Colleague: 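Take this structure first; my questions come after.
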Amino acid sequence: MFHGVGVNAGRVLGQVLQMPATVAEPAVTSPKDAGASLEANKAAIKSAAKTVQTQLRNRAETASAESKDILHATAQMAGDPMLIKAAGKLVSPDAPGGPRSPARAIWEAGQTVADTLTALGGYMADRATDVLDVRSRIVAELQGLPAPGIPVSPAPYILAATDLAPADTATLDPTKVLALITAEGGPQSHTAILARMLGLPAIVAAPGVDGIVDGTQVYVDGAAGSVTTNPDESMRTAAATWATQAAQMPAFTGPNTLADSLHIPLLANVGTGDDARKAAAAGAEGVGLLRTEFCFLDREKEPTIQEQVAAYGAVLAAFPGKKVVIRTLDAGADKPLPFLTPADEPNPALGARGYRTVATSAGVLERQLTAIATATAAHEAEVWVMAPMISTAEEAAQFTTLAKSAGLQTAGVMVEVPSAALTASAILSSADFASLGTNDLTQYAMAADRQLGPLATLNDPWQPAVLKLIKLTVEGACQAQVSTGAPKPVGVCGEAAADPALAVVLVGLGVSTLSMSARSLAPVAAVLATLTMAEAQRLAAVALQAVSATSARESVREQLPILAQLGL
Ligand code: PEP
Ligand code: MG
């Protein structure tokens, strides 16, 4: 049995497939190819490229309409005569710098093509990533390694990995993947966020799961955080029971009310227009967090204002008349954007990230606010804008001024740095609202990198220190309301809101909205509907008095029998 931190409940059985390792840069020469003739090396390149092209075309046959086009375009790139010709020149004995191995030749030729595309900018620059993907596939084929990227399997499987990055999972097909299990990664890591987004049971920080042999049958219990090989009969029954419970989970149709009819809006966290449409279909009452950096993660250059207007507009169009909170670019640390964040900081999580890039990248924020204002004018959604990583009242005031001068009416801040929680009343004297980013708030309060598996128990939003910072933020908002006379709402948009038991505590602590991935709306609403505000407040007091994250979680869960009934 392997133990880790459960980040999304659910019990499933299935075969494990490992995420292949990323392809490393090949050495300039390889003993295996050095003795081969020039013709043989050229033929090896051609044949590997052809195999990759065929694999991609075959995958396109069974892919969704959206992925089909992408796969066909990538397949075409694999057969690009320019790429193959350039690689062919590099294996020749007259190549400047001496002959390369076929794998090295493809590696260098791919880089040259990618650099040329990047220099062209716009649409062409976006294709550079695809060329690099094709290059890795051809190199893996030449080296006899498994193809990089999400494994392809006709049968559903449990995806195991050391950790998963946003780029790895872009092509993950949720109808094929039953659960995610990773050896590293914390409860707020990308793997955890993705699992909740896709509604997949998931366990992170489970050392050893990245060594399970492909095809091994395992039982995954997302609530308990355990992975068991050779599952027994009781586990088969548990998985079957969970499948029934999951199928019976009442759909969320909103508005979300407590048992005493109090309305606590449930909003969605989204990254694209597609996410927003899915969130609207899942009953979201609006968007509590549009992570704008997710629209542009693969960009080398700042997107134009028109591109930004289109990306934000696609989200606003899904929520006419509803609240949509747009967060300005939160680049840095786990989400680097080459045009905004320095690549050489020794400690990027504590570096020039989030709002701080206003000082290092002149004009980017102003142009983004213009784009948001333009998209707002063209749609009916009620747009709120907020800045990430605000640490001081001065920063909050500067941002609010910038946003208002761009014509945006409601400007607020994320509270995700402990200093912001501690000075919430001063911050909210200028900002119109606050949104608690519990993922970063936890990592900074506990000084524990949210991406590090071994620190997962520290990186837990149930930690007493984190709950106290949340309480302080709500109290700061009340003080600010008294002094400014205007209501200063405090929502939560970190992953904490997606944990149904913690959602109860957050409501009891006084937060006014909860924002989460669309899949979490139904379970959170089903649990909140069983409690009155007085009961939520009592459970918040129970959590606040606990001396550890574990005892806070266990004492609250014990008093919520609905969780077991719903399989949560
Ligand atoms: C957070 O930190 O809680 C948050 C919502 O922002 P992100 O996860 O995008 O850093
Ligand atoms: Mg954050």
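For the numbers below, each heavy atom of this structure counts, side chains included, while hydrogens, waters and symmetry mates do not. The model shown is predicted, which means the values in this text are computed figures rather than measured ones. Both counts, for ligands and for their atoms, begin at 1 and track the order of listing. Counting begins at 1 with the first residue of the sequence.
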Colleague: Is it true that the side chains of D460 and Q463 contain a donor and an acceptor less than 3.5 Å apart?
Modeller: no
Colleague: What verdict does the side chain to side chain contact (heavy atoms under 4.5 Å, CB included) test give for V505 and W462, after you've listed the backbone C-alpha separation in whole Å, the side-chain angles of each residue and the deciding distance to 0.1 Å?
Modeller: CA-CA 10 Å; V505 170; W462 286 91; 4.0 Å; yes
Colleague: Distance check below 2.8 Å: does E416 bring an N, O or S atom to the Mg ion (ligand 2)?
Modeller: yes
Colleague: Walk me through whether E307 and C295 qualify under side chain to side chain contact (heavy atoms under 4.5 Å, CB included).
Modeller: CA-CA 10 Å; E307 285 173 316; C295 307; over 6 Å; no
Colleague: Looking at R291 and D330, is there a salt bridge between them, counting it only when a charged N and a carboxylate O are closer than 4.0 Å?
Modeller: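 Not counted as a salt bridge, because no side-chain N and carboxylate O are separated by less than 4.0 Å.
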Colleague: State whether the number of non-hydrogen atoms from other residues, nucleotides or ligands found under 6.0 Å of Q409 atom CD is greater than 12.
Modeller: no
Colleague: Going by distance alone, is a donor N or O of one side chain under 3.5 Å from an acceptor N or O of the other, for Q308 and R367?
Modeller: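 Per modelled atom types, Q308 and R367 side chains form no pair under 3.5 Å.
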Colleague: Does any donor atom in the side chain of D432 or W384 lie under 3.5 Å from an acceptor atom in the other side chain?
Modeller: no
Colleague: Name the residues in contact with ligand 1, where contact means a heavy atom under 4.0 Å away: which are they?
Modeller: L289, R291, R327, D330, K335, M414, E416, G437, T438, N439, D440, R450, C493, G494
Colleague: Give the name of the N/O/S atom in D440 that lies closest to the Mg ion (ligand 2).
Modeller: OD2
